[in-house]
Structure formats: structure tokens, C-alpha cells
Amino acid sequence: MSPVEIRPFEAGDLTACGALLAQRHRRQRLAQPLLSPRFEAPETAVAEVTAAFKAPDASGAVAIRAGVPVGFVLGAPKTSPLWGPNIWVEAAGQAATDAETMRDLYAAAATRWVDEGRTAHYVVVPADDQELVRAWFRLGFGQQHAHAVRPATKLDTKPLAQDLTVRRATRADIPDLARLDLELPTHQGLSPTFSAGRIGTVEESLADWADDIDNPEYATFVAVRDGTVIGSAIGCALEKSSSHLGPARPDNAGFLGYAAVFPPARGAGAGRALGTAVVDWAVDSGFDCVVTDWRVTNLLSSRTWPRLGFTETFLRLHRTIGY
Ligand SMILES: CC(C)(COP(=O)(O)OP(=O)(O)OC[C@H]1O[C@@H](n2cnc3c(N)ncnc32)[C@H](O)[C@@H]1OP(=O)(O)O)[C@@H](O)C(=O)NCCC(=O)NCCS
């Protein structure tokens with residue numbers, strides 16, 4: 001095989017690298033057909049790679065064999081302080097005909113990223129591509145997050161515990177909804193996730209809910225046991241999410257955007273009942289599939305959502321440089 005040349009990504013690489021992305025997506029859809037067929041079209045894939053290339057401060061590398069691009073990686077920083085001094089390779093930011101080449105591409109691109117002081121690296125990788133995932137693992141990355149999808153079909157309902165019900169939330173539930181908003185960041189601040197982000201206050205949540213409770217674009221459910229609200233979940237269209245971008249965004253998808261159960265009530269079926277309510281809402285609303293995501297270090301959500309039939313589409317891998 002002729003040797004591979006690695007050089008910085010240039011505008012002239014967009015068409016060929018878009019074609020590589022389209023091929024990658026075609027392969028991925030054999031395993032995960034709920035992903036959108038749109039990105040199999042070279043022109044759509046080129047548009048995605050172009051957007052990745054034109055993102056502020058984007059940079060990357062391309063691999064050339066016998067004059068033909070055979071792989072690329074493109075990253076750009078996010079401005080939120082949540083991610084540290086970061087670079088993100090989003091779902092449209094990489095493809096290679098041979099996974100091993102991705103290690104050369106990263107080596108070249110990361111030189112600049114680290115020179116710029118960007119030492120927190122995030123990369124969104126097709127979940128089914130074992131060789132590509134392994135190539136990233138052998139670059140020091142580990143899994144941080146999972147994106148997942150399930151068909152919009154009613155779940156086989158397990159009978160709920162006798163005293164448990166799930167219903168749409170009303171204005172009277174706002175105090176409980178506000179307290180439940182703090183449960184996810186609080187839980188994710190604990191070991192082994194250690195990723196709380198900013199934990200807001202109950203007062204802020206009360207104000208948000210006062211504005212949003214009647215918003216028809218969100219379907220909010222509460223789980224009630226013995227007359228007491230013990231959990232909540234929110235469904236909406238996937239377009240409302242700032243995550244699940246480009247090839248990671250299935251068409252006409254509902255989104256399980258939030259769920260939390262108060263700690264003493266966990267592990268007794270409320271989470272399943274709430275997730276089921278959102279899936280049923282998505283079916284009744286005419287969505288074709290339902291998307292969600294979770295931190296894989298969150299032992300609770302990472303065990304709950306696969307039980308409701310969600311399967312991984314993309315893995316977010318993470319590496320912190322320096323130690
Ligand atoms: C995630 C959460 C909403 C789930 O609610 P819950 O009431 O604890 O969940 P359930 O009791 O309904 O259990 C859900 C499923 O996970 C399974 N599960 C729970 N612990 C498990 C374990 N250790 N191993 C394997 N499966 C497990 C249960 O068996 C159940 O599946 P099943 O109904 O098919 O048996 C809740 O734990 C929570 O609030 N966690 C903190 C906040 C959070 O992480 N929110 C999710 C944001 S993505």
C-alpha cells in the first residue's frame with residue numbers, strides 16, 4: 001500500500017472529505033437504520049463538513065494516499081466554560097477508510113490544538129464502528145457520554161406498582177418540578193461522574209417553570225406515589241436540543257430531554273414509568289423515533305435508558321492532556 005501523507009485540512013478537501021463522511025454514514029446506517037438517510041447523500045455530507053470547517057477557530061488534518069483523501073479530522077472549540085480549554089470533533093468531523101489512519105490524523109491536528117492551549121479533547125464517534133472506537137481508545141480517550149435512539153413504538157407496559165401513577169404536570173406541581181430540576185446536576189456532581197456543571201437554585205427553577213409550564217412544545221410528566229410527586233420527565237422535539245447534531249440527529253425525532261426521581265424513591269419503577277410516558281407521548285405525537293443521551297459514568301441513567309430499548313448511535317469520547 002502506498003504511504004499516507006498527513007497535512008492540514010484545506011478548503012479544497014471539502015468535497016472529497018464530504019464523500020468520506022457520506023460513506024461512513026452509509027456503513028453506520030446498516031447497523032443503526034433510525035439515523036437519517038439524508039447524510040448518505042454526498043452533497044448533504046459536504047455541507048456538514050463545510051460547516052465544521054467554517055466553525056470559529058476550526059482546524060484539522062487530512063490523509064492523502066496516492067493523491068486521494070482517505071481520511072480527515074476537524075475540530076473546533078465550544079465557548080462554554082463547562083468544557084474547559086476544549087476542542088470538539090462533532091459527529092461530522094471525522095471519517096477514514098482505515099481506522100488506523102485516524103491516529104495519524106489526530107497526532108497532526110492535536111499538535112496545533114495543544115499548542116493553542118486546548119487540552120480538553122472531545123470526539124463524537126459512531127458507536128458501531130469498533131475499529132474507529134478502538135483507534136481513539138489507543139489515543140488515550142475514554143467514553144464519557146452516549147447518544148441513543150429507539151423506535152417510536154409503545155413499550156410493553158410492565159404493571160406499575162399499585163400506588164404509583166404518572167400524569168401530565170400542572171401548575172400546582174411547580175414547587176416539586178423545581179426541586180427535581182436540581183436532582184440531575186446534584187447526582188452528576190457525585191462519584192463516579194464528578195460533572196455537576198453549574199447547579200442552579202430552586203428559586204431560578206421556580207421562575208423558569210412559572211414561565212414554561214404551559215408551553216405546548218414541552219410535555220412534562222410527574223410520577224406520583226401515595227399522593228406525593230416523586231419524579232418528573234420532559235419530552236419535546238429533538239430540535240429543541242443543542243446536542244445530537246448533524247449525522248447524529250435522526251429525522252422527525254422526539255426527545256427524552258430530562259428525567260429525575262427523588263433519591264429515596266429511586267429503583268422502584270418510577271424512572272421506567274416516566275420514560276415510558278415520554279415514549280408514549282412521542283408515539284402519539286407522530287414522531288418516528290425517540291432520542292436521548294446520558295453520561296456513561298451516571299450509573300443510574302446509563303442503566304435505566306437501555307432497559308427502555310434505547311441503543312447507542314454515537315459515543316462521546318474524552319481525553320484530558322497533561323498527565
Ligand atoms: C435515572 C432515574 C430517573 C431512573 O429512575 P428510577 O426510578 O431509579 O428507575 P427504575 O427503578 O424505574 O429502574 C429503571 C430500570 O433500570 C434498571 N436498573 C436499575 N439498577 C440497575 C442495575 N444496577 N443494573 C441493571 N439494571 C438496573 C431497573 O431494573 C429498571 O429496569 P426494568 O424496569 O426493566 O427492571 C433516577 O435514578 C434518577 O433520578 N437518577 C438521577 C438523575 C438522573 O440521572 N436522571 C437521568 C438524566 S439522563
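Below, all heavy atoms of this structure are taken into account, side chains as well, without hydrogens, waters or symmetry copies. One-based numbering, in listed order, for ligands and for the atoms of each.
In this structure, atom 28 (C) of ligand 1 has its sub-4.0 angstrom surroundings free of protein heavy atoms. Distances from atom 46 (C) of ligand 1 to the protein include at least one heavy-atom value under 4.0 Å.
Among protein heavy atoms, atom 43 (C) of ligand 1 sits closest to Leu184 CD1, 3.5 Å. For atom 8 (O) of ligand 1, the closest non-hydrogen atom on the protein side is Gly267 N, 2.9 Å. Counting protein heavy atoms only, atom 11 (O) of ligand 1 is closest to Gly269 N, 2.8 Å. Nearest to atom 30 (C) of ligand 1 among the protein's heavy atoms is Arg307 CG, 4.4 Å. Closest protein heavy atom to atom 24 (N) of ligand 1: Arg303 CD, 3.5 Å. The nearest heavy-atom contact from the protein to atom 38 (C) of ligand 1 is Arg266 NE, 3.4 Å. What sits closest to atom 35 (O) of ligand 1 on the protein, heavy atoms only, is Lys158 NZ, 3.1 Å. Protein heavy atom nearest atom 12 (O) of ligand 1, with residue, atom name and distance: Arg272 N, 2.8 Å.
Inclusion of Ala265 in the set of residues having an N or O under 3.5 Å from an N or O of ligand 1 is not warranted. Considering backbone and side-chain atoms alike, Asn298 places an N or O below 3.5 Å from some N or O of ligand 1. On a distance-only criterion, Leu300 and ligand 1 share no N/O pair closer than 3.5 Å. Residue Trp294 places no N or O, backbone or side chain, under 3.5 Å from any N or O of ligand 1. Considering backbone and side-chain atoms alike, Val261 places an N or O below 3.5 Å from some N or O of ligand 1.
Taking the side chain as every heavy atom from C-beta outward, Val46 and Glu43 never approach each other to under 4.5 Å. Between Ile6 and Leu105, some side-chain heavy-atom pair lies under the 4.5 Å cut-off. The shortest distance between side-chain heavy atoms of Pro247 and Leu35 does not fall below 4.5 Å.
With rounding to the nearest 0.5 Å, the separation of OH in Tyr258 from OG1 in Thr220 is 11.5 Å.
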Before giving the answer on side-chain hydrogen bond (donor to acceptor under 3.5 Å, both in side chains), spell out for Asp251 and Ser36 the whole-Å C-alpha distance, their side-chain angles and the decisive distance to 0.1 Å. CA-CA 6 Å; Asp251 294 330; Ser36 172; 2.8 Å; yes
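The 12-atom threshold is exceeded at NZ of Lys154, counting heavy atoms of other residues, nucleotides or ligands nearer than 6.0 Å. Heavy atoms of other residues, nucleotides or ligands lying less than 6.0 angstrom from CZ of Arg26 number more than 12. Surrounding CD of Glu239 are more than 12 heavy atoms belonging to other residues, nucleotides or ligands, all under 6.0 Å away.
Ring-plane geometry between Phe53 and Phe9 is classed as tilted, the angle between the planes lying from 30 to 60 degrees on a 0 to 90 degree scale.
Atoms of ligand 1 lying under 4.0 Å from any heavy atom of Ala259, numbered from 1 in the order shown and given with element: 43 (C), 45 (N), 46 (C), 47 (C).
Neither the backbone nor the side chain of Ala273 comes within contact range of ligand 1; no heavy atom lies under 4.0 Å. At a heavy-atom distance under 4.0 Å, atoms from both the backbone and the side chain of Thr304 approach ligand 1.
Ligand 1 is approached by Trp305 to a heavy-atom distance shorter than 4.0 Å.
Ring centroid separation for the pair Tyr106 and Phe141 comes in under the 6.0 Å cut-off.
For the ring-ring contact (aromatic ring centres under 6.0 Å, His included) test with His121, the passing option among Trp83, Trp88, Trp113, Trp136 is Trp113; the others fail.
Under the 6.0 Å distance and 45° angle rule, Arg167 does not count as a cation-pi partner of Phe221.
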